[in-house]
J.: 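Below you will find the structure I want to go over with you.
Hydrogens, waters and symmetry mates play no part in the numbers below; they use all other heavy atoms, side chains included. Note that this is a predicted model, so its numbers are computed, not measured. We number each residue from 1, following the sequence as shown.
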Amino acid sequence: MTGGFHLMRIAGVDVYLDWSLAIIFFLITASLASGLFPAWHPDWSAALSWLTAAAAAVLFLGSVLVHEMSHALVGRARGMSIRRITLFIFGGMAHLDEEAREWRTELYMAAVGPVTSLAIGFLCIWLGSFGIGDVTGSIDNPEELLADLGPWTTLLLWLGPVNIILGLFNLVPGFPLDGGRVMRAAIWGATGDLHKATRWASNAGRAFAWILIASGIAMILGVRVPLFGTGLVGGLWLALIGWFLHNAAIMSYRQLIVQSALEDVPVGRLMLTDVRSVPIDTTLQAFVDEYILGHEQRAWPVTEAGRFRGIVGLADARRQPRDRWAEATVGGIMRPADEAITVAPSDESAHALRLISQHNVNQLPVIENGELKGLLRREDVLRWLSLYSDESAGGPRAGRHSAQPR
């Protein structure tokens with residue numbers, strides 16, 4: 001998930017908003033402004049209903065951010081590296097640089113999210129109760145009581161139950177929901193087998209996802225589902241959430257298989273050593289004619305006297321006017337070494353694959369003491385995985401580390 005824009009940095013964690021967040025913001029705002037708030041407050045103007053609804057959407061997304069920050073802060077306190085949080089259409093995601101090393105860390109990180117949402121929910125209801133005491137309506141007449149609530153109390157009394165529902169939903173024991181991670185941690189602690197724990201939690205997550213998908217389809221067909229009701233929009237939304245959870249459960253398990261297959265496998269074992277580099281004084285025209293055309297390589301390390309100076313690709317050349325190709329050099333358009341994403345031969349291949357995925361690149365220069373040692377390409381890692389991982393057996397093949405360097 002690389003789209004969106006950087007919102008802020010909190011306690012060393014970068015917060016990003018994915019563009020899909022606009023959809024959920026619009027849905028929350030529109031449903032409250034055109035449905036719930038006018039029903040609660042028939043005397044409110046349309047402008048007040050829409051402004052309060054927009055504020056409710058912002059506060060809800062803020063509570064999701066607090067939920068994810070609780071994961072990040074507890075993870076960092078337990079020695080995990082979490083540099084980024086992304087808010088998107090289905091909630092939030094704290095990006096882990098690696099999986100937890102032991103089950104207690106997984107348990108604490110997973111449990112704190114729902115606890116935080118529940119705490120926010122009960123806090124909002126408690127604060128909202130002070131506003132209820134100021135209204136003239138009677139508790140025996142809920143419609144009159146709701147109509148007398150001000151915008152701030154209305155926001156609190158809506159946000160409270162929503163966060164409680166969010167916390168309870170995340171406690172469902174289906175991976176990758178927080179409850180599923182708690183389940184995985186418990187099984188991991190009991191059996192000492194992370195693969196078995198992940199497989200069981202992932203299967204539970206897939207089963208729960210299918211329940212949501214089936215319930216959503218039933219709602220679309222007009223069936224009234226307990227807790228969810230009926231209707232096209234609600235059913236479609238529930239089915240989409242189920243579809244997302246199903247895919248996430250599968251991908252989470254596969255990521256563990258990949259990480260295990262690459263565990264303790266150094267980049268130097270997988271990298272391409274016969275790498276053609278570009279001298280720093282090569283003109284763009286020569287770079288296009290002699291390197292880009294007729295070669296599958298997408299990016300080329302730039303060297304000077306055997307030292308790595310940067311990396312350059314077709315996109316860098318295309319940004320330059322064609323009439324400058326004969327004079328400009330790759331040294332003037334390359335990404336400098338201090339800005340390039342590189343790895344060392346001794347780095348774990350799992351770490352390198354995460355860098356490739358996070359930065360959406362196809363290859364990484366392999367550098368040691370400032371010298372170019374090779375190039376690690378995505379296809380090199382995938383080739384290794386196709387040979388030395390076995391998902392059907394529940395984990396990597398036992399002999400994965402016996403292969404010889406290329």
J.: Do I341 and R335 have side-chain heavy atoms sitting under 4.5 Å apart?
T.: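 The answer is yes, as the side chains (C-beta and beyond) meet within the 4.5 Å cut-off.
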
J.: Roughly how far, to the nearest 0.5 Å, is CZ of R206 from CG of N247?
T.: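 N247 atom CG to R206 atom CZ measures 10.0 Å (nearest 0.5 Å).
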
J.: N170 side chain to G167 main-chain N or O, any donor-acceptor pair under 3.5 Å?
T.: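 No; zero donor-acceptor contacts below 3.5 Å.
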
J.: Main chain of R199, side chain of S202: is a donor-acceptor contact present, judged purely on distance under 3.5 Å?
T.: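 Here the side-chain-to-backbone pair does not exist.
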
J.: Hey, what's the ring geometry for F37 with W44, parallel, tilted or perpendicular (30° and 60° as the breaks)?
T.: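 The rings of F37 and W44 stand perpendicular, inter-plane angle above 60°.
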
J.: Do the side chain of S129 and the main chain of W126 share a donor and acceptor less than 3.5 angstrom apart?
T.: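 Answer holds: yes.
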
J.: State which residues pass side-chain hydrogen bond (donor to acceptor under 3.5 Å, both in side chains) with R104; sequence neighbours excluded, sorted by chain then number.
T.: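 So R104 forms no side-chain hydrogen bond (donor to acceptor under 3.5 Å, both in side chains) with any residue.
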
J.: Tell me whether E339 at atom CD has more than 12 heavy atoms from other residues, nucleotides or ligands lying less than 6.0 Å away.
T.: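 Buried by this count: over 12 neighbours within 6.0 Å.
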
J.: Can you tell if the side chain of V223 reaches within under 4.5 Å of the side chain of T230, non-hydrogen atoms only?
T.: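 No; the side chains remain at least 4.5 Å from each other.
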
J.: At what distance, to the nearest 0.5 angstrom, does CZ of F287 lie from CG of L314?
T.: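 Taking CZ in F287 and CG in L314, the distance rounds to 7.5 Å.
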
J.: Could you pull out the closest heavy-atom pair between A299 and L375, with the gap in Å?
T.: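 For A299 and L375, the tightest heavy-atom pair comes out as O-CD2, 4.3 Å.
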
J.: Determine whether a donor-acceptor pair (N or O, by modelled atom type, separation under 3.5 Å) exists between the side chain of D316 and the backbone of G313.
T.: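 Flag set: sc D316 to bb G313 pair under 3.5 Å.
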
J.: Decide yes or no for L194 and R184: does some side-chain heavy atom of the first lie under 4.5 Å from some side-chain heavy atom of the second?
T.: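 Contact flag for L194/R184 side chains = yes.
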
J.: Show the nearest heavy-atom pair for residues L32 and A53, with the distance to one decimal.
T.: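 Of all heavy-atom pairs spanning L32 and A53, the closest is CB-CB, 3.7 Å.
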
J.: Would you say L61 and L17 make side-chain contact, with heavy atoms under 4.5 Å?
T.: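 Contact flag for L61/L17 side chains = no.
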
J.: Take V312 and Y291, measure what side chain to side chain contact (heavy atoms under 4.5 Å, CB included) needs, and give me the verdict at the end.
T.: CA-CA 11 Å; V312 66; Y291 292 84; over 6 Å; no

J.: Would you name the heavy atoms of V330 and P279 that are closest together and state the gap between them?
T.: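 Closest approach of V330 to P279, heavy atoms only: CG2-O, 3.4 Å.
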
J.: Sort out for me which residue in F175, W210, F208 forms a ring-ring contact (aromatic ring centres under 6.0 Å, His included) with H246.
T.: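 With H246 as partner, F175, W210, F208 yield a single ring-ring contact (aromatic ring centres under 6.0 Å, His included), made by W210.
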
J.: May I have the step-by-step check of salt bridge (Lys or Arg N to Asp or Glu O under 4.0 Å) for D380 and R383, ending in yes or no?
T.: CA-CA 5 Å; D380 297 325; R383 186 181 298 113; 3.2 Å; yes

J.: If the condition is side-chain hydrogen bond (donor to acceptor under 3.5 Å, both in side chains), which residues does S20 pass it with, not counting sequence neighbours?
T.: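 Listed in chain order: D18.
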
J.: Do R76 side-chain atoms and A11 backbone N/O form a donor-acceptor pair below 3.5 Å?
T.: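 Yes, the answer is positive, given that a donor and an acceptor are paired below the 3.5 Å cut-off.
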
J.: Go through it in stages, so that I can follow the logic: the residues are W103 and I187, the test is side chain to side chain contact (heavy atoms under 4.5 Å, CB included), and I'd like the CA-CA distance, side-chain angles, deciding distance and then a yes or no.
T.: CA-CA 9 Å; W103 68 271; I187 298 174; over 6 Å; no

J.: Just so I know, are the side chains of E290 and R276 near enough to count as touching, which here means a heavy-atom distance under 4.5 Å?
T.: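 Yes, side chains in contact.
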
J.: How long is the straight-line distance from NE2 of H41 back to OG1 of T154, given to the nearest 0.5 Å?
T.: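 The NE2 atom of H41 is 3.0 Å from OG1 of T154, to the nearest 0.5 Å.
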
J.: Take a 6.0 Å sphere around CH2 of W243 and say whether it holds more than 12 heavy atoms from other residues, nucleotides or ligands.
T.: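 Atom CH2 in W243 is not crowded, with 12 or fewer foreign heavy atoms closer than 6.0 Å.
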
J.: Rounded at 0.5 Å granularity, tell me how far CG in L156 sits from CZ in F130.
T.: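 Between L156 CG and F130 CZ, I get 11.0 Å after rounding to 0.5 Å.
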
J.: Could you check whether atom CZ of R378 has more than 12 heavy atoms from other residues, nucleotides or ligands sitting under 6.0 Å from it?
T.: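 It does: R378 CZ has more than 12 such atoms within range.
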
J.: With a 4.5 Å limit on heavy-atom distance, are the side chains of F88 and I24 in contact?
T.: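 Answer no - side chains too far apart.
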
J.: Okay, side chain of T52, backbone of S49: is any donor-acceptor separation there less than 3.5 Å?
T.: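 It does not hold such a pair.
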
J.: Applying side chain to side chain contact (heavy atoms under 4.5 Å, CB included), run through V64 and L166 and close with a yes or a no.
T.: CA-CA 9 Å; V64 172; L166 177 65; 4.3 Å; yes

J.: Closest approach of V302 and I280, non-hydrogen atoms and distance?
T.: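 Closest approach of V302 to I280: CG1-CA, 3.6 Å.
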
J.: Less than 4.5 Å apart, any side-chain heavy atom of R324 and any of L284?
T.: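 Result no, sub-4.5 Å side-chain heavy-atom pair not found.
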
J.: Please report the interatomic distance NE2(H6) to CG(D14), rounded to the nearest 0.5 Å.
T.: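 The NE2 atom of H6 sits 3.5 Å away from the CG atom of D14.
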
J.: Can you confirm whether D274 is buried at CG, in the sense that more than 12 heavy atoms of other residues, nucleotides or ligands lie under 6.0 Å from that atom?
T.: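 Not buried by this count: 12 neighbours or fewer within 6.0 Å.
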
J.: Under 4.5 Å between any side-chain heavy atoms of M69 and V13, yes or no?
T.: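 Yes, their side chains come closer than 4.5 Å.
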
J.: Begin from the C-alpha positions of I85 and H71 and carry the test side chain to side chain contact (heavy atoms under 4.5 Å, CB included) through to its verdict.
T.: CA-CA 10 Å; I85 288 174; H71 289 309; over 6 Å; no

J.: OG/S349 to CE/M271 distance, rounded to the nearest 0.5 angstrom?
T.: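 The OG atom of S349 sits 10.5 Å away from the CE atom of M271.
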
J.: Quick one: do N163 and H67 satisfy side chain to side chain donor-acceptor pair (under 3.5 Å)? Show the steps, please.
T.: CA-CA 10 Å; N163 271 277; H67 175 113; over 6 Å; no

J.: Can you see which heavy atom on R84 is nearest to which on Y16, and at what distance?
T.: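 It is NE-CD1, 3.5 Å.
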
J.: Has the side chain of T153 got a donor or acceptor atom that lies under 3.5 Å from a matching backbone atom of G128?
T.: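 No.
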
J.: Which heavy atom in L262 sits nearest to a heavy atom in W384, and how many Å separate them?
T.: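 Smallest interatomic distance, heavy atoms only, reads CD2-CD1, 3.5 Å.
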
J.: Picking from T283, T282, D289, what satisfies side-chain hydrogen bond (donor to acceptor under 3.5 Å, both in side chains) with Q285?
T.: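 With Q285 as partner, side-chain hydrogen bond (donor to acceptor under 3.5 Å, both in side chains) holds for just one option, D289.
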
J.: Has R322 got more than 12 heavy atoms of other residues, nucleotides or ligands less than 6.0 Å from its CZ?
T.: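 No.
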
J.: What side-chain donor-acceptor pairs closer than 3.5 Å can you find for residues 363-373, not counting sequence neighbours?
T.:
none

